[in-house]
K.L.:
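What follows is a single structure, and I will ask about it in a moment.
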Amino acid sequence: MTQSIVVQVGQCGNQVGSRFWDLALREHASVNKKGIYDEALSSFFRNVDTRRSDGDNNDISGGKIRSLRARAVLIDMEEGVVNEILQGPLRDVFDSKQLITDVSGSGNNWAVGHKVYGSTYREEIVENLRKAAEHCDCLQCFFVIHSMGGGTGSGLGTFVLNVLEDEFPEVYRIVTSVYPSAEDDVITSPYNSVLAMRELTEHADCVLPIENQSLVDIVNKIKHMSHCGKLGAEIKQSSTIISGQGGVKGQEKPFDAMNNIVANMLLSLTSSARFEGSLNMDLNEITMNLVPFPRLHYLVSSLSPLYTLADVNVPSRRLDQMFSDAFSKDHQLIHADPKHNLYLACALIVRGDVQVSDLRRNIERLKPSLPFVSWNQEGWKTGLCSVPPVGHSHSLLALTNNTCVKSTFIELKDRFMKLYKKKAHLHHYLHVDGMEQSCFTEAVSSLSSLIEEYNQLDATKGLLMTDAQRLNIAV
Amino acid sequence: MSAVWLHVGQCGNQIGQEWWRIITEGGGHSCEADRYPFLSRDGKLGAVCVDSEPKVLRKAQKQVKHGCFRESNLIVGQEGRGSNWAYGYYGPPNEGERGLLQRTMESFRKETERRDCYSGTVLFHSLSGGTGAGLGARLCEEIREAYPVGHILSVSVAPHQAGESPLQHYNTLLCLAALQRAADGVLLFHNDEALSRVLSLQSHRPSSLSSPQAQASLSSMNSHIASCLAGLLYPVHNLTTPSGISLGLEPWELLRSVSPVPATKFLHTTQAHTRSTVLWDSLAASTLQMLPRHSPSGNLHYSSAVLAVARGDQSNSFLSSLDPILRRLRHGHRCAAWNPFPIDYWTDPQDVVSPSPSSRSLTVCSNHSSVTDLLQRVGERAHDMFQARAYLHWYQRYGCEDQDFLQAFDTLRTVTEEYRAGDE
C-alpha cells in the first residue's frame with residue numbers, strides 16, 4: 001500500500017487543505033469501526049504514540065489507533081490561516097514541525113513568493129519534505145493544493161513543485177490549482193496565474209484546475225434544492241458535497257462549502273487507492289492513462305451526485321442519472337464545454353454499490369454523444385471502489401482530459417496581455433531580485449504553445465474514423 | 001501431479017480466487033484423489049500468486065479456505081504498475097534482487113521442485129493491465145527459458161472492446177506478441193463475452209422487483225471464466241489411471257488436441273451447463289450460440305481442432321449419442337478439412353461445475369479463427385495511437401522502444417495470415 005503527502009501552500013491551499021483533512025477523518029471514521037490503524041488510514045495518516053517524548057521515531061504500524069498525524073506540510077507566508085488551523089479542532093492532527101510560516105505575506109506577488117521566499121526557505125522546505133517522506137514506507141504521490149491568483153500559493157507553491165521534482169523525481173506530483181475568475185478582486189492575478197502556469201506545465205505530472213465560479217454555482221444549486229424541497233424530494237443534509245457535517249469542525253465558515261467540494265473531489269480521487277473494490281485503480285494509473293502527451297495534463301473534474309435524497313430506494317434509473325449528470329456542465333469544477341470539444345481520455349471512478357454491468361451499459365449509452373479523438377475512441381479508464389462517500393450509497397468522479405481547457409487558458413492569456421501591454425504593475429515584479437522581463441515573455445510563450453498544441457488536436461476532430469458505424473450525434 | 005498454477009496481476013488473481021474456490025469446495029461428492037493435481041504433498045495449493053499491490057491478494061486469501069495458500073508463494077509489491085506494460089515487463093529501474101520478478105521466479109522454482117514431475121505452467125492474467133500483461137509476459141518468457149521442456153498454457157482475458165483503459169491496445173498488442181513467442185497455447189477469454197453470458201443467464205431467472213435490469217458483477221464474470229476452465233482442466237475419466245489418481249495431464253493433453261499447428265495457438269472456450277437432464281445435443285447447440293461465426297467483414301470463421309469435455313455423464317448417455325453431437329459441433333465450428341481427427345472428446349461421470357447430482361456440463365474448446373478479429377482490431381487501434389505518438393513517453397520512460405511496437409505489429413500480422421492460410 002502506498003502513502004501520499006499533501007503539501008498545502010498559501011491561504012487558499014491551507015483552507016482547502018484543512019477541509020480535506022476534516023472530511024478524510026470523517027470518511028475513515030465511518031468505515032473503520034474498530035479503531036484499528038489499517039492500511040487505508042496509513043495512506044494519509046501516521047499513527048503516533050504521543051506519550052513518548054522523542055519527536056520522530058514513534059510511528060506505530062498496525063494495532064489500535066493512538067493518535068493520528070496527517071502526512072502533510074503546511075506552508076504559508078502569513079500566519080493567520082495556519083494559526084487558525086492550529087487553534088481549531090484539527091490541531092492534534094498536525095505537528096508543529098510540519099509547518100513553515102512567515103509573517104508578512106507575499107503581497108499578491110508571484111515573484112516575492114517564488115524568488116524571495118523560495119530562496120529563503122528552500123532548505124527548510126526540503127528538510128520538512130524529507131522528514132515526511134521518511135515516515136512513508138512507499139511514497140507514491142505528492143498532492144499540492146494552492147491557488148493561482150495570489151502570491152504565496154502561486155509563487156511559493158510552484159517553487160515547491162520545482163523542489164519536489166528535484167528531490168523526489170520518481171514520486172508523482174498531482175496539483176490542485178484554484179484559478180481566478182474573471183471578476184477576481186486581485187488585480188495582478190493574471191500575472192501570477194500565467195507565471196505559475198509555466199511551472200505547472202513543465203513540472204507537474206497532472207493538474208486539476210478548479211474555478212471559484214463553478215464552486216459557487218454548485219453551492220447555489222444545492223442550497224436552492226434544499227430550500228424549495230418538494231415533498232418526497234428532501235435532501236439528506238449531511239450528504240451534500242458541500243457539507244462538513246459529522247466532521248471535527250464546529251461552525252461553518254464562509255468558504256467552507258466551496259472548499260468541501262474540492263476536498264470531496266480529492267477523497268474520491270484517492271478512494272480506489274485506499275479502499276478495496278472489484279476493480280482497483282491506483283493513482284499512477286490515473287496519470288498514465290489520462291496523459292497521452294506530457295504537457296497536456298490538465299484534467300476537468302466533475303462530481304455526481306451532489307446530494308442524496310432522503311428517500312432510500314434508489315432504482316437503477318437514478319444510477320444512470322448519476323452518470324449523465326457527471327457529464328453535464330453543472331457538475332464540473334471548472335467552466336468549460338467538453339461536449340463541443342475533443343476528449344483525449346476519460347476516467348470514471350465509481351464508488352459504492354455499482355456493478356460492472358451498470359458501468360458498461362452507461363459507457364455504451366453516453367459514448368455516441370461524446371466526441372473522442374480519432375486514435376483513442378476507447379479512451380475510458382474505469383475503477384470500481386466498494387466504499388461509498390459518507391451519506392451516499394454510490395458516487396462518481398469523472399476526470400476528463402479534454403481540449404476544452406484551452407478556453408480557460410485563452411481567457412487567462414487575454415487578461416494577462418491587457419495588463420502587460422500597458423506594463424501595469426510590472427515594476428512590483430521587476431524590483432524583485434532574480435526577476436526579469438524574460439520571465440514574463442517565456443511564461444506567455446509557454447502558455448501560447450500549450451494552447452497551440454490543443455488547437456492542433458482539435459484540428460483532427462471530425463477526420464476520417466476507421467469505424468464507420470460510429471456517428472457523432474450533435475448534442 | 002505436474003502443473004504449477006501461476007496467477008499474475010489483479011485479473012489473474014481474482015479469477016484465481018474463483019478457480020480455487022471451485023477446486024477446494026467444488027462438487028462435494030468429488031473425491032480427494034481428484035484434487036491431487038492441484039495440491040502439494042502437504043495439502044497446500046500448488047499456486048504461485050503475484051501482484052504489484054496488496055489489496056487483491058489479501059482479499060483472495062480471505063475468501064479461499066483459510067490456510068490453503070502457501071505463504072511463501074504469495075508475492076506482493078507495494079505500488080502497482082499503472083496499466084503500463086513496459087513498467088510491468090521491465091519493472092522499476094534498479095529493483096535488483098528483491099524485485100517482483102526475482103522473487104516470483106524463486107518461489108516458482110521451489111514450487112517446481114515440489115512436483116513429482118514438473119510438466120508445465122498454467123498462467124492466469126489479463127491482456128490489458130500493467131502487471132498482468134507486462135509482468136505476465138515477462139514471466140512467460142523467463143519460464144520458457146529456464147524450463148524449456150515444460151509446457152506453458154496461458155489463460156488470458158481480453159478487455160471490453162468499448163474501452164476499459166486507454167492503454168489497453170498497446171498492452172494487448174505487446175502481450176499477445178510475447179505470448180505468441182513464448183507460450184504453447186492461449187485460452188483466450190473476452191470480458192464482453194463473459195458479461196453477456198452472465199447477463200443472459202440472469203435473464204432466464206425470474207427477475208426481482210427491485211432490480212428489473214439484469215446486473216452482473218465482476219465476480220460473476222470471473223466465476224463464469226473459472227467454471228469454463230474447471231470444465232476443461234479438472235480431471236477426466238479418460239485420462240485418469242485405473243487406480244483413480246489423476247496425474248493432472250489435462251492441460252497438456254488439451255494442448256496436444258487443440259494446437260496441431262504451433263503457429264496458431266489461440267483457443268476459444270464456451271460452456272453450457274444445466275441442472276436437469278437436458279439432452280447433450282441441446283447443450284452442444286447452446287455452446288454454439290456463443291461462438292462468433294463471422295468476422296466483421298463477413299468472412300466465415302473456421303476451426304482447426306476442437307475438444308469437447310462432457311461432465312456429469314452418469315449413464316454414458318454422451319457416448320451413446322456421440323455421432324450427432326460430433327456432427328453438430330463439426331458443422332458449427334466449420335472444422336478444417338485437412339485435419340483427419342478434428343474433434344476430440346473427454347467424459348467424466350461427475351460435474352465439477354455445479355454441485356447437484358444430476359447436473360451436466362459441456363465445455364467446448366476450439367482453435368477458432370475468430371481470434372483474428374481481436375488481433376486485427378488491436379493492431380489497427382494500436383497503430384492509430386502509435387502514429388499519433390500518444391502515450392509513448394510513458395512506455396519509453398520504463399524501457400520500451402519503437403522497435404518493440406513495430407515487432408509486435410509484425411507478429412500479429414503474421415499470426416493473422418497463418419490463420420487465414422489455414423482455411424484453404
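Side-chain atoms are counted along with the backbone in the values below, which use heavy atoms only and exclude waters and symmetry mates. Every chain is numbered from 1, with letters handed out A, B, ... down the list of sequences.
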K.L.:
Please look at A/E276 and chain B and tell me whether the side chain, the backbone, both or neither of the residue comes under 4.5 angstrom of a heavy atom of that chain.
P.N.:
both
K.L.:
Indicate the atoms forming the closest heavy-atom contact of A/N289 with B/G82, along with that distance.
P.N.:
ND2-O, 4.5 Å
K.L.:
Could you tell me whether the side chain of B/L199 reaches within less than 4.5 Å of the side chain of A/S357, counting heavy atoms only?
P.N.:
yes
K.L.:
Does any non-hydrogen side-chain atom of A/W375 lie less than 4.5 Å from one of B/R389?
P.N.:
no
K.L.:
Any donor-acceptor pair under 3.5 Å linking the side chain of B/Y391 with the backbone of A/V291?
P.N.:
no
K.L.:
Looking at every heavy atom in both A/I363 and B/A162, which two are closest together, and how far apart are they?
P.N.:
CG2-O, 4.5 Å
K.L.:
Examine whether an atom of B/F386 lies under 4.5 Å from a heavy atom of chain A, and if so say whether it belongs to the side chain, the backbone or both; otherwise answer neither.
P.N.:
neither
K.L.:
Tell me which of these, A/N280, A/N376, A/T2, has more heavy-atom pairs under 4.5 Å with chain B than the rest.
P.N.:
A/N280
K.L.:
Is there a side chain to side chain contact (heavy atoms under 4.5 Å, CB included) between B/Q10 and A/L279? Walk through the geometry before answering.
P.N.:
CA-CA 8 Å; B/Q10 185 177 174; A/L279 192 57; 4.1 Å; yes
K.L.:
Would you check if the side chain of B/K55 reaches a backbone N or O of A/A273 as a donor-acceptor pair within less than 3.5 Å?
P.N.:
yes
K.L.:
Looking only at heavy atoms, which two atoms of B/W394 and A/T287 are closest? And how far apart?
P.N.:
CZ2-O, 3.6 Å
K.L.:
Within this structure, what is the CE-OG distance for the pair A/M288 and B/S83, rounded to the nearest 0.5 Å?
P.N.:
7.5 Å
K.L.:
What closest approach, in Å, do A/A345 and B/P166 show between heavy atoms, and which atom pair accounts for it?
P.N.:
CB-CG, 4.2 Å
K.L.:
Other residues, nucleotides and ligands only: do more than 12 of their heavy atoms fall within 6.0 Å of CD on B/E401?
P.N.:
no
K.L.:
For the interface with chain A, which of B/H393, B/M385, B/Q78 has the highest count of heavy-atom pairs at distances below 4.5 Å?
P.N.:
B/H393
K.L.:
Below 4.5 Å from any heavy atom of chain A, which atoms of B/L218 appear? Answer side chain, backbone, both or neither.
P.N.:
both
K.L.:
Heavy-atom distances under 4.5 Å only: say whether A/D282 touches chain B with side chain, backbone, both or neither.
P.N.:
side chain
K.L.:
Tell me, yes or no, whether the heavy-atom count around B/D192 atom CG, taken from other residues, nucleotides or ligands under 6.0 Å, exceeds 12.
P.N.:
yes
K.L.:
Measuring heavy-atom distances to chain B, does A/L457 have an atom under 4.5 Å in its side chain, in its backbone, in both, or in neither?
P.N.:
neither
K.L.:
Quick check on B/E79 against chain A: is it the side chain, the backbone, both or neither that has a heavy atom closer than 4.5 Å?
P.N.:
both
K.L.:
Taking side chain to side chain contact (heavy atoms under 4.5 Å, CB included) as the criterion, tell me which of B/E164, B/R377, B/Q161 meets it with A/E378.
P.N.:
B/R377
K.L.:
Distance check, rounded to the nearest 0.5 Å: B/N84 atom CG versus A/E285 atom CD?
P.N.:
10.0 Å
K.L.:
What option among A/E364, A/Q355, A/Q140 has the most heavy-atom pairs under 4.5 Å with chain B?
P.N.:
A/Q355
K.L.:
Taking side chain as everything from C-beta outward and backbone as N, CA, C, O, which of these in B/H383 sits under 4.5 Å from a heavy atom of chain A? Side chain, backbone, both or neither.
P.N.:
neither
K.L.:
Is chain A contacted by the side chain of B/Y398, its backbone, both, or neither, given a heavy-atom distance below 4.5 Å?
P.N.:
side chain
K.L.:
For chain B, find which of A/G379, A/G277, A/C346 contributes the most heavy-atom pairs closer than 4.5 angstrom.
P.N.:
A/G379
K.L.:
Using a strict cut-off of less than 4.0 Å between a Lys/Arg side-chain nitrogen and an Asp/Glu carboxylate oxygen, indicate whether B/R58 and A/E39 qualify as a salt bridge.
P.N.:
yes
